[in-house]
Amino acid sequence: MLLRDPFTKALHDARRSLVGWAVAIVAVGSMYAAFWPTMQTPEMTKALEAYPEGLLEAFNYSDLTSAAGYLGSAVYGLLVPLLVAVFAIAAGARAMAGDEEAGTLDLVLAHPVGRVRLALLRFAAVAAGVVVVTVLLGLALVALRGPARLDSITLGGFTAMTLHLTLFGLAFAALAFAAGAATGRRAVALGAGAGVAVLGYLANSVFPQVEGLRWAQDLSPFHWYLGGSPLVDGVQPVGALLLLGSAALLVAAGTAAFTRRDVAV
């Protein structure tokens, strides 16, 4: 049954990794969210004022004076998206290139499953993992609204931020998936995902502080994900569509490349 259902088999094979990443990301996000009451003390306020404004912006700490600003900066602006990106890139790289490098892809394709169906179901399993991780994080932070004094953030704000984070993860998963499907090399997929993640982060946080490079921010997946303050203003259609569209295009391109590539079977 598992061999005939690539989606279920992929989820089954990745179950331990998924649980580990989910626990880690939820724990990190919850821990930083719980720090919000301490950020309101006079001592912490003075300490933050001593930091150069440019340094805070480089770490996406653009607003630490409100619950939404703090959560959007300290939780959703730095560590959590980086962790989600790493998880998504690793899962996307493993989806197709993992079997090929392990020499088991020929066994998989020997079963009655076409290449297109195999690729799409493998990515669907990766997407399901991303959804599970981001939704669990959103639910954990909603549960902390009272204890962490985050009740000024609406449920709609948490929902919008969770959607943006999910699409952000899917975009990086799709990039690694496409690179792995097109080349059959997990190292290439990991390198492509990591390279875009680093450049995207710099384009969103560092390059705008340099005269003449501010245009780069509009090309960053981090800007599509964070731009417009989803926690406060809800879903940002442009950013959400750019993330969703790029993910769809990458999956389509990777699947097409995989179907045309000469794979030893």
Side-chain angles (χ1 to χ4, degrees), residues 1-26 83-139 162-190 192-193 221 240-241 243-265:
M1 177 67 72
L2 289 177
L3 288 174
R4 285 179 295 205
D5 185 357
F7 175 79
T8 304
K9 185 177 187 303
L11 284 178
H12 181 267
D13 292 343
R15 64 192 185 282
R16 293 185 180 88
S17 173
L18 177 58
V19 170
W21 276 105
V23 170
I25 291 174
V26 170
L83 288 173
V84 169
V86 171
F87 161 66
I89 290 168
R94 186 176 59 246
M96 298 305 299
D99 278 347
E100 190 162 355
E101 285 196 343
T104 58
L105 184 59
D106 54 341
L107 297 176
V108 175
L109 291 175
H111 289 80
V113 54
R115 290 196 185 190
V116 173
R117 181 169 178 264
L118 174 66
L120 293 180
L121 288 178
R122 284 284 181 85
F123 182 77
V126 174
V130 172
V131 171
V132 167
V133 169
T134 54
V135 169
L136 286 177
L137 174 64
L139 293 174
T162 299
L163 174 62
H164 274 248
L165 183 60
T166 300
L167 295 176
F168 174 81
L170 290 178
F172 277 101
L175 173 60
F177 167 86
T183 64
R185 297 292 180 265
R186 190 159 51 174
V188 173
L190 293 172
L241 287 175
L243 290 170
L244 180 60
S246 62
L249 287 174
L250 286 166
V251 170
T255 300
F258 177 66
T259 59
R260 295 170 185 167
R261 190 161 55 80
D262 183 18
V263 179
V265 295

Using the salt bridge (Lys or Arg N to Asp or Glu O under 4.0 Å) criterion, which residues pair with R94? Sequence neighbours excluded.
none

Quick one: does any side-chain atom of T255 pair with a main-chain N or O of A252 as donor and acceptor, under 3.5 Å?
no

Would you say R261's side chain and F258's backbone share a donor-acceptor pair under 3.5 angstrom?
no

Do V130 and F172 come within less than 4.5 Å of each other through their side chains, counting heavy atoms only?
no

Pairs satisfying side-chain hydrogen bond (donor to acceptor under 3.5 Å, both in side chains), at least one member in residues 167-180, at least two apart:
none

Quick one: CG on L243 to CG on L170, what's the gap to the nearest 0.5 Å?
9.0 Å

Looking only at heavy atoms, which two atoms of L190 and A93 are closest? And how far apart?
CD2-CB, 3.8 Å

Taking it one step at a time, do K9 and D13 satisfy salt bridge (charged side-chain N to carboxylate O under 4.0 Å, His left out)?
CA-CA 6 Å; K9 185 177 187 303; D13 292 343; 2.8 Å; yes

Side chain to side chain contact (heavy atoms under 4.5 Å, CB included) with A248: which residues, sequence neighbours excluded?
none

Please give me the minimum heavy-atom distance between R186 and A97, naming the atom from each residue.
N-CB, 3.6 Å

Just jot down the side chain to side chain contact (heavy atoms under 4.5 Å, CB included) partners of A22, sequence neighbours excluded, or say none.
V133, L136

What pair of heavy atoms forms the shortest contact from L121 to P6, and how long is it?
CD1-CD, 3.8 Å

Could you list the donor-acceptor pairs under 3.5 angstrom formed between side-chain atoms of residues 175-185 and any protein atom two or more places apart in sequence or on another chain?
residue, atom, partner, partner atom, Å
T183, OG1, A179, O, 2.7
T183, OG1, R185, N, 3.2

Test side-chain contact (heavy atoms from CB on, under 4.5 Å) on L120 and V251 and set out the steps.
CA-CA 8 Å; L120 293 180; V251 170; 3.9 Å; yes

Using 0.5 Å steps for rounding, measure from the CZ atom of R115 to the CE atom of M96.
8.5 Å

By side chain to side chain donor-acceptor pair (under 3.5 Å), which residues pair with T134, not counting sequence neighbours?
T166

About how many Å separate CG of L118 and OG1 of T259, when rounded to the nearest 0.5 Å?
11.5 Å

Atom pair CG/CG of L167 and L241 - distance to nearest 0.5 Å
9.0 Å

Minimum heavy-atom separation for L83 and W21, please, with both atom names.
O-CZ3, 3.7 Å

Ignoring hydrogens, what is the shortest heavy-atom contact between L11 and A128? Give both atom names and the distance.
CD2-CB, 4.3 Å

Nearest non-hydrogen partners of A189 and I89, listed with the distance
O-CG2, 4.3 Å

